[in-house]
Amino acid sequence: MATLRVKHLKAQVIRAGRQVDRVGTYPCTTADWSHNLMWKTSRVAALILASITAVTTIGACSTEESAGNAATEWPDKLVFAATPSGEARTFNDDFGPFVTALSKEVGIKIETFQAADYAAVIEGMIAGNVDIAQLGAFSYALGVQNGASLEPSGVRIHAKGDKAGYTIYGLVKSSSTINGLEGSKGRTVCLPDPASTTTLIPLFEFSKVNMEPDKDFKRLTVPAGATIPRTVQKGDCDLGMASQAQLETAIRQGDVGKDDLKVVWQVQAPGSPLAARTQLPQDLRDKLKTAVNKINAEWLEQNGHCSGDKCLISASADFGYIPVEASYYQVIWDACKATRIEACGPLGG
């Protein structure tokens, strides 16, 4: 699958399932945005770091008018961002009922922005043009490290009663002779977005067995991580990293048969946060936290927003969110410092 790029924000903004012209007001020129939103997912952390100077310039020309009252007065709207989950899914499929309910509960209009990758989401939050976002644990840490003032409003859980965190599976075809990480030496390994936790943690584990990507195995990036089970089944990679929820969803949707793949390795990882910019007014952030942790699949159905599986949140078909503190994500910094992998950028220093 080709590496995704963000060529211009206008082409990526989605609202209620259709493209809109812009999010917010941008007095800067198109050339400014074209220059600062060209991201390659293979160099996520380095590009985020390199963009900080440019982002400061963008912020100066797009938020000057509201800078004086941003801490106390609510904005007219919020922008909610997330990344693609799969070829056949839309933003509304993954977050539609949730965003509609969140807007109603908080009492503010919410527009949505489907970014090409986590780098684009983080740039938007640093620039102040994205207010809340569904991130992974790793992309959250990258954002904080590189200048985004963020706080987690909640962390996603897969099923009612779950604790924070999720399981990453190493998947192979049922007929494969690979039986662990070491068995993938000289083979092709599928990993999602370079700023995804489902990429960082396996690379951390590979380092423990002295294996490096692009040296001991070929790395194939599949930005829409939910499609990795099918990518493995098709034979495009020998080993693929996907969450337990993504495998379950792929089986339920018929992308793969329940006996097509087998799990040869697994590890626990920190859960995905819904993050908000801390420059938003405190009372607005408090209302967001309360609403985020109140709205789950059960609540959505009981309140008439949807029914059945359509109430599940994200492509992973998750139940909802629970409260979390920023310190929960310390493991990401620890993994980066231990591995010093390129994707960590300054986190690995």
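Positions are given from 1, in the same order as the sequence printed here.
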Exercise. Do C336 and F204 come close enough that some side-chain heavy atom pair is under 4.5 Å?
Worked result: no
Exercise. Would you say S272's side chain and R156's backbone share a donor-acceptor pair under 3.5 angstrom?
Worked result: no
Exercise. D193 side chain to A195 main-chain N or O, any donor-acceptor pair under 3.5 Å?
Worked result: yes
Exercise. Should we say atom CG of D76 is surrounded by more than 12 heavy atoms from elsewhere, each under 6.0 Å from it?
Worked result: no
Problem set entry | Over 12 foreign heavy atoms within 6.0 Å of CD, E325 | no
For this session: Please confirm whether the backbone N or O of S196 pairs with a side-chain atom of S139, one donor and one acceptor, at under 3.5 Å?
Result: no
Exercise. Picking from D238, V263, I178, L261, what satisfies side chain to side chain contact (heavy atoms under 4.5 Å, CB included) with V172?
Worked result: I178
For this session: Measure the CG-CZ distance between L247 and R252 for me, rounded to the nearest 0.5 Å.
Result: 10.5 Å
Exercise. For D318, does its backbone N or O pair with a side-chain atom of S316 as donor and acceptor, under 3.5 Å?
Worked result: no
For this session: Identify which one of L280, D286, L284 satisfies the side chain to side chain contact (heavy atoms under 4.5 Å, CB included) criterion when paired with Q282.
Result: D286
Exercise. Got a donor-acceptor contact below 3.5 angstrom from the E301 side chain to the G308 backbone?
Worked result: yes
Exercise. Got a donor-acceptor contact below 3.5 angstrom from the S184 side chain to the L181 backbone?
Worked result: yes
Exercise. Got a sec, which pairs hit side-chain hydrogen bond (donor to acceptor under 3.5 Å, both in side chains) with one end in residues 162-174, sequence neighbours left out?
Worked result: Y166-T198, T167-Q268
Exercise. Side chain of Q134, backbone of P273: donor and acceptor closer than 3.5 Å?
Worked result: yes
Exercise. Which of parallel (below 30°), tilted (30 to 60°) and perpendicular (above 60°) describes F98 and Y321?
Worked result: tilted
Exercise. Is the distance between the ring centroids of Y140 and Y118 less than 6.0 Å?
Worked result: no
Seminar exercise, completed: Interatomic distance, CG@L171 vs CD1@I168, rounded to 0.5 Å, equals 11.0 Å
Problem set entry | Among T231, T188, I228, side chain to side chain contact (heavy atoms under 4.5 Å, CB included) partner for D236 | T231
Exercise. Counting distance only, does the side-chain N/O of T112 pair as donor-acceptor with the main-chain N or O of F80 below 3.5 Å?
Worked result: no
For this session: Report the C-alpha distance between V267 and E205 in whole Å, list the side-chain angles of each, state the deciding distance to 0.1 Å, and finish with yes or no for side chain to side chain contact (heavy atoms under 4.5 Å, CB included).
Result: CA-CA 9 Å; V267 68; E205 297 299 318; 4.1 Å; yes
Exercise. Hey, does I132 have a side-chain heavy atom less than 4.5 Å from the side chain of L288?
Worked result: yes
Exercise. Looking just at side-chain N and O atoms, do W265 and N179 make a donor-acceptor pair shorter than 3.5 Å?
Worked result: no
Exercise. Does the R277 side chain pair with the main chain of V130, one donor and one acceptor, at a distance under 3.5 Å?
Worked result: yes
For this session: Indicate yes or no for a side-chain donor-acceptor contact from D117 to the backbone of A119 under 3.5 Å, with no hydrogens or angles considered.
Result: yes
For this session: Using only heavy-atom distances, determine whether the side chains of R230 and Q233 contain a donor-acceptor pair under 3.5 Å.
Result: no
For this session: With the side chain counted from C-beta on, respond yes when I108 and P75 share a heavy-atom pair under 4.5 Å apart, and no when they do not.
Result: yes
